[in-house]
A.B. asks: 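Quick one: the structure is below, questions incoming.
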2 protein chains.
Amino acid sequence: MTQPRRRRAATEEKVRRVLDAAEEIMLHEGYAAVTSRNVAERVGLTAPLLHYYFSTIDDLFVAMLRRRSERIVERMAAALTSPRPLRAWWDLASDPRGTALFIEFLAAANHRPALRAEMGRVAREVRRMQMDVLDKILPEYDVDPDEFPPALVAATMQGLGLALVADETAGHETAHEQARAAMSRLVDRIEQRRTRQHGAG
Amino acid sequence: MTQPRRRRAATEEKVRRVLDAAEEIMLHEGYAAVTSRNVAERVGLTAPLLHYYFSTIDDLFVAMLRRRSERIVERMAAALTSPRPLRAWWDLASDPRGTALFIEFLAAANHRPALRAEMGRVAREVRRMQMDVLDKILPEYDVDPDEFPPALVAATMQGLGLALVADETAGHETAHEQARAAMSRLVDRIEQRRTRQHGAG
DNA sequence: GTCTATATTGAGATAGAC
DNA sequence: GTCTATCTCAATATAGAC
């Protein structure tokens, strides 16, 4: 019982910094730039030493996704139980950093089975949460669930966030500011309609 | 005037096959798998020989995107002038192959400036076309352009396509079949409303 | 004009030193 | 338990043969 007594602080701190660095690289240079050398250099380590903390690069990617998805699940749960669920959800779905990283993970998972499996688990859990909440609250928003079923609403929220952030971060001139502003107004209007009918709460 | 008289067929045919192979690899193994070796092997060439046809890998990526985007612009123009523009547009936006490739280009452009510039040009041209048409036809669909401006409608079409195809190709269990079916019904309903009011044509 | 032999760099990973 | 010296392989690219 004395082996794991040693202070883990140093190692855990290093792991955290490695994950931070990897995330930064992935965000600004793409997932293909997340290499042993690149990440190690940014944290002041050597490339082989990085393999001490993460045996394979796959392990590193999965660890990155795990840490991110924990936060996402937490924040999505909080958003969905907040007084204005759609508003909070949209803020999350259109968050530039989170969404840009999501696009990278999406592409990286295409040729990394371990990552794809992990992505599947997260996607399923998050979508489940969203649809459970939508089942209950869509009627309160005066939305006909036959015309706009939860699955469609959820996919639209995510997809619109993806499209906007993709254009924004790449700097494409596609009137994304107008689209973002219009969506924001739309969400506010819908929330107001519900608040008026079902009280603030 | 006799230099370019030689038959280009052989070379052009090879270039075409190289682009086909590269596209196939990008689709199934991700953009990072598009390497000289991989592509060359699939076409029965050697890696260095591939550099005879495309000096740099950047050149190859840009050529791939150019060829694809020509088709996209053509098909989108045809869709937007068809009798049921929204329907035709949605068929394009939710096409699995085209959209999956688009996601890869999106991620690849993140760290390839030449590719990013080309992506920007295409995105801008396509969005411009879409918004010009929407300006005219949204009223015919009985859609309030103040609540759903062209920029928002266009981004939503693209985004929903992205989200659906991403889940479909990765095999995520996120009720994407329901979402796709609901969107298809919705588009049909909207088209019918317009046809009834403005005649078939 | 078309293709091959070869250079150079950097990737992921391991055996073994401290 | 932590880190370093080193291996292998694959990537892009070029010089130069045919």
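Naming convention: chains lettered A, B, ... in sequence-line order (proteins, then strands); numbering from 1 in each chain. It should be emphasised that the depicted structure is a prediction, and the values quoted were computed from it without experimental measurement.
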A.B. asks: Round to the nearest Å and state the distance from A:His51 atom NE2 to C:dA15 atom C1'.
C.D. replies: 14 Å
A.B. asks: Ion pair present between B:Glu23 and B:Arg97, side-chain N to carboxylate O less than 4.0 angstrom?
C.D. replies: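 Yes, charged N to carboxylate O under 4.0 Å.
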A.B. asks: Can you label the angle between the B:His111 ring and the B:Tyr31 ring as parallel, tilted or perpendicular, going by 30° and 60°?
C.D. replies: tilted
A.B. asks: Check whether any side-chain nitrogen or oxygen of B:Arg37 sits under 4.0 Å from OP1 or OP2 of D:dA10, and answer yes or no.
C.D. replies: no
A.B. asks: Just checking B:Leu49: base, sugar-phosphate only, or nothing, at a heavy-atom cut-off of under 4.0 Å?
C.D. replies: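 Result for B:Leu49 = base.
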A.B. asks: Within the structure, does a side-chain N or O atom of B:Lys14 lie under 4.0 Å from either OP1 or OP2 of C:dG1?
C.D. replies: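 Result: no.
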A.B. asks: Remember a base hit wins even if backbone is also touched, and classify A:Phe54 as base, sugar-phosphate or nothing at under 4.0 Å, heavy atoms.
C.D. replies: nothing
A.B. asks: Send over the distance from A:Leu45 CG to D:dT2 P, rounded to a whole Å.
C.D. replies: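 My rounded result for the distance is 12 Å.
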A.B. asks: Establish, with yes or no, whether the OP1 or OP2 oxygen of D:dA11 is under 4.0 angstrom from a side-chain nitrogen or oxygen of B:Ser36.
C.D. replies: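 Answer no for this pair, as no side-chain N or O of B:Ser36 is under 4.0 Å from OP1 or OP2.
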A.B. asks: Rounded to the nearest Å, what distance is computed from the CG atom of residue B:Leu50 to the C1' atom of nucleotide C:dT4?
C.D. replies: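 Whole-Å distance recorded here is 14 Å.
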A.B. asks: Is a donor from one side chain sitting under 3.5 angstrom from an acceptor on the other, for B:Asp142 and B:Gln197?
C.D. replies: yes
A.B. asks: Closest approach to the side chain of A:Thr56, judged atom by atom: which nucleotide of D:dT12, C:dA13, C:dA5 is it?
C.D. replies: C:dA13
A.B. asks: Nearest whole angstrom, please: distance from the P of C:dA5 to the OH of B:Tyr52.
C.D. replies: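 The answer, rounded to whole Å, is 18 Å.
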A.B. asks: Just how far, in rounded Å, is P of C:dG12 from CZ of A:Arg112?
C.D. replies: 8 Å
A.B. asks: Could you check how far CG of B:Leu60 sits from P of D:dT12, rounded to whole Å?
C.D. replies: 9 Å
A.B. asks: Could you give the CD1-to-P distance, from B:Ile57 to C:dG10, as a whole number of Å?
C.D. replies: 16 Å
A.B. asks: Taking only N and O in the side chain of B:Thr11, is any of them less than 4.0 Å away from OP1 or OP2 of C:dG1?
C.D. replies: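 It does not, given that no N or O in the side chain of B:Thr11 lies less than 4.0 Å from OP1 or OP2 of C:dG1.
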A.B. asks: Would A:Arg16 and A:Arg67 count as a side-chain contact (heavy atoms from CB on, under 4.5 Å) if you check the C-alpha gap in whole Å, the side-chain angles of each, and the deciding distance to 0.1 Å?
C.D. replies: CA-CA 10 Å; A:Arg16 199 183 57 73; A:Arg67 194 179 67 160; 3.8 Å; yes
A.B. asks: Can B:Arg84 and B:Asp188 be said to form a side-chain contact (heavy atoms from CB on, under 4.5 Å), step by step?
C.D. replies: CA-CA 9 Å; B:Arg84 291 149 77 227; B:Asp188 280 346; 3.7 Å; yes
A.B. asks: Of the candidate nucleotides C:dG12, D:dA13, C:dA13, which contains the atom at the shortest distance from the side chain of A:Thr35?
C.D. replies: C:dG12
A.B. asks: Can you check the B:Tyr53 OH to C:dT4 P distance for me, whole Å?
C.D. replies: 10 Å
